[in-house]
Amino acid sequence: MNFTSVQNIDSLQEWVKQALKIKKNPLKNKKLGKNKTLGMLFFNPSLRTRLSTQKAALNLGMNVMVMNFTNEGWTLEFEDGAIMNSGASEHIKEAAAVISQYCDIIAIRAFAGLKDKEKDNAETVLAGFIKYASVPIVNMEGCTGHPLQSLADAITMEEHKTEHKPKVVLTWAPHPRALPQAVPNSFVEMMQKQENMDFVITHPEGYELNPEITKDSKIEYDQDKAFENADFIYAKNWSNYTDYGKITNSDPNWTVSADKMKLTNNAKFMHCLPVRRNMIVTDEVIDSENSIVIEQANNRTYSAQLVLQKILKDAK
Amino acid sequence: MNFTSVQNIDSLQEWVKQALKIKKNPLKNKKLGKNKTLGMLFFNPSLRTRLSTQKAALNLGMNVMVMNFTNEGWTLEFEDGAIMNSGASEHIKEAAAVISQYCDIIAIRAFAGLKDKEKDNAETVLAGFIKYASVPIVNMEGCTGHPLQSLADAITMEEHKTEHKPKVVLTWAPHPRALPQAVPNSFVEMMQKQENMDFVITHPEGYELNPEITKDSKIEYDQDKAFENADFIYAKNWSNYTDYGKITNSDPNWTVSADKMKLTNNAKFMHCLPVRRNMIVTDEVIDSENSIVIEQANNRTYSAQLVLQKILKDAK
Amino acid sequence: MNFTSVQNIDSLQEWVKQALKIKKNPLKNKKLGKNKTLGMLFFNPSLRTRLSTQKAALNLGMNVMVMNFTNEGWTLEFEDGAIMNSGASEHIKEAAAVISQYCDIIAIRAFAGLKDKEKDNAETVLAGFIKYASVPIVNMEGCTGHPLQSLADAITMEEHKTEHKPKVVLTWAPHPRALPQAVPNSFVEMMQKQENMDFVITHPEGYELNPEITKDSKIEYDQDKAFENADFIYAKNWSNYTDYGKITNSDPNWTVSADKMKLTNNAKFMHCLPVRRNMIVTDEVIDSENSIVIEQANNRTYSAQLVLQKILKDAK
């Protein structure tokens, strides 16, 4: 069993319930991971994912080996049939097979390069490990998805659920650097699995996410309109998907401000973090009582723990 | 309970006694830290602190997550109200609050930049974590203090205590690079808590440490005179505090040599390490039987263990 | 007891037997390493060694502290009597003695620089730790040897032993970068300890390894002739030892191809990894059923575990 996409969640409602059960008693399954080893491979920086996934594994009694691939290991080759006479020292075929000898589960972070859409969509690193590893693979944010984050988001929304059918808005917001679409992609996929929520995506025209992911999710180009009566505002920047990896808009009017939040139904403010203050969201909003970003980060431990637990149980 | 300064030591004599008790039986409290997690965050290189603090946590049965913030995580913003449109990806507000979700204690190393005295004195990083974290903070060397080192120094001096009231000398010595004042600052503060020792600071004129720290500690500009009848010589370089962060003196006559040591009462030689041989101290002195620098390093484990143990007990 | 060279293996046959016993039940000695700490110090990149040695220590119940010396610690000085007024911040004398205070075993990786033959042959880093540490040292690949790899190779060959006396061939193969001789050196030394194997080294003329290591091992400059009737082909590049550290040959005819393998007695293909595909060996060969490179990597855990186990038992 791999966990590489929101699509691997067979029942979101069930998983959220199970994660909340883990949260109540995180050490209950401390024996499950005994003598099992999680290998965490980072091709990119990480704070929340690094620490929460490690914490989740420790809660399950697992051993953890963390490796920053970019400076601690060898440069990898991913192309089949490559004549390896230049930069790369090791082929993914060997790397994945070898690491599988030492780890019971391999977790991988490998961001989109944002230069080659096709290559990013192919999830070269993640797909290489899936293909050549002989143990389960966990996605700690790939090029096109960040399912551990979205699962944590679902857990957090469940904890703050409204009595009425909530309206959830994913809003684009400006950012000085070109960012991947991984987080919004997985959030959209996760929302599509929600059974009793209204979901709206809002972003400037031209900033459409991959239509194969958004499918028939509602898109509203007028942010103010989208915010009306919203119960959850999920802010996130992403770079242009059509004009791939480019920043074609940096309009500060899209920043989530207190005025914008006034349009909502006293909505909770969400973000996956790290967040650029006063770009994505004003201090006033993120520092308000309605901000649940730290709770989201906290739930990263339980989303990771649920996934690891399922994999460990599945392997028995 | 935080441990960020020598001023947090309520009774130095009592703490030293407790640390020596731990040293005799380091695994006695192996259950105290069970299922507790220490997060160690490094903004600067570290050898002794990295390994000894980790070892201390392991002796207490804790889990340890080590993170090199500069290359593994995100660049932090520390300014309130900043519009985060340039280098920094994450605000200390979120970072500290988030890490607090995964760790029971956070230990931080963040050296002085030595360019902006006011900023260094504000201990931006450490103070940011103290302000925004929700768990205890341990200082693994900040801009202006290194209390774990000074506690280890006190332990080491206790192990080598003389029958008479000892004379302890902190001497400046030359070094090719500009170094922070953290170690000498904390040593001075620690010595001010000693009840039955004579203490003298010796350094070239103009190399005065922060007078708010040295207070009425005795300063003697004549190194030879300071060394007379000394029982402990603690050597350390620091850069100029007045002409902030500058090297205004590199006089090799301040190097601790065998001839200088002859002026003392067969004094023990101490240094926090790493030490530049034949700059700070000659080979002859540091390789002599009177050198107790390795014992100091060894006691780093027990000073860290005492601090972690106190925090863990305090949290119960 | 140190483990720094194949020469530390008193009986190869006995060690291989013991390692295979460990492989059958890797957790049998989980209590042996309880409260013991392995310090792993890396001066160079590592994948297999990093993870397999860590895994071996975990199998023995040890604590592990991993440190990338080059960016996490201080630059070391190795020369006796040096006036440390330039790059290096800490002398090996202190570093080794200090780390010995926190670790029960120190494992070190420090590659050859390939610029100064005499310095590389002196194994500056490894020898420094051996001299100044007070705990056992394990070689995780030095300048001139990689004994944990060769022990794993011997284990792997034992698992694939032929009924007849096998012929083992170490063949040089081309590579775009200058590589150390550590792996072939240790392989040669290990083969010299094999009691019932024929051993041939093949490489272009001028690519002789250190004659003090090869001694009277057979050298055959005609690769085709060497491959005849071979049961094991061990491929490895190394840079020129005479014209030290230079690449004086990059002849693709030395690449191990399917045609070359046809000359053998259906030989197993071996390599220590990482391997440059279609430089050292063609895809066809390394992807064939006769390739046992992943098994070699797997046995790294058991060679490391045997060594750690012997050291731990020796220390009792």
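Letters A, B, ... mirror the listed sequences (proteins, then strands); counts begin at 1.
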Just checking, is any N or O donor in the side chain of [X] or [Y] under 3.5 Å from an acceptor N or O on the other one?
| X | Y | answer |
| --- | --- | --- |
| Thr75(A) | Glu90(A) | no |
| Gln149(C) | Asp153(C) | yes |
| Asn298(C) | Tyr102(A) | no |
| Asp251(C) | Asn253(C) | yes |
| Thr144(A) | Glu123(A) | yes |

Minimal non-hydrogen separation, [X] against [Y], with atom names:
| X | Y | answer |
| --- | --- | --- |
| Ser303(C) | Ala152(C) | CB-N, 3.7 Å |
| Asn8(A) | Trp15(A) | O-CZ2, 3.7 Å |
| Trp172(C) | His203(C) | CB-CB, 3.5 Å |

Under 4.5 Å from any heavy atom of chain A - which part of Leu27(C): side chain
Quick check on [X] against chain C: is it the side chain, the backbone, both or neither that has a heavy atom closer than 4.5 Å?
| X | answer |
| --- | --- |
| Ser89(A) | both |
| Ser86(A) | backbone |
| Ala97(A) | both |

Chain C contacts, top residue of Asn71(A), Thr37(A), Asn35(A) (heavy-atom pairs, under 4.5 Å): Asn35(A)
Carboxylate-amine/guanidinium proximity below 4.0 Å for Glu77(A) and Lys93(A): no
Residue-level contacts of residues 271-295 of chain C with chain A, using a heavy-atom cutoff under 4.5 Å: Leu273(C), Pro274(C), Val275(C), Arg276(C), Arg277(C), Asn278(C), Met279(C), Asp283(C), Ile286(C), Asp287(C), Ile294(C)
Atom CD1 of Ile83(A): over 12 foreign heavy atoms under 6.0 Å: no
Stepwise side-chain hydrogen bond (donor to acceptor under 3.5 Å, both in side chains) check, Thr156(C) with Asn299(C): CA-CA 7 Å; Thr156(C) 313; Asn299(C) 285 327; 2.9 Å; yes
Per-residue contacts, residues 60-69 of chain A versus chain C, heavy atoms under 4.5 Å: Asn63(A), Val64(A), Met65(A), Met67(A), Phe69(A)
Residues Asn59(A), Lys28(A); criterion side-chain hydrogen bond (donor to acceptor under 3.5 Å, both in side chains); working and verdict: CA-CA 8 Å; Asn59(A) 283 348; Lys28(A) 196 191 162 192; over 6 Å; no
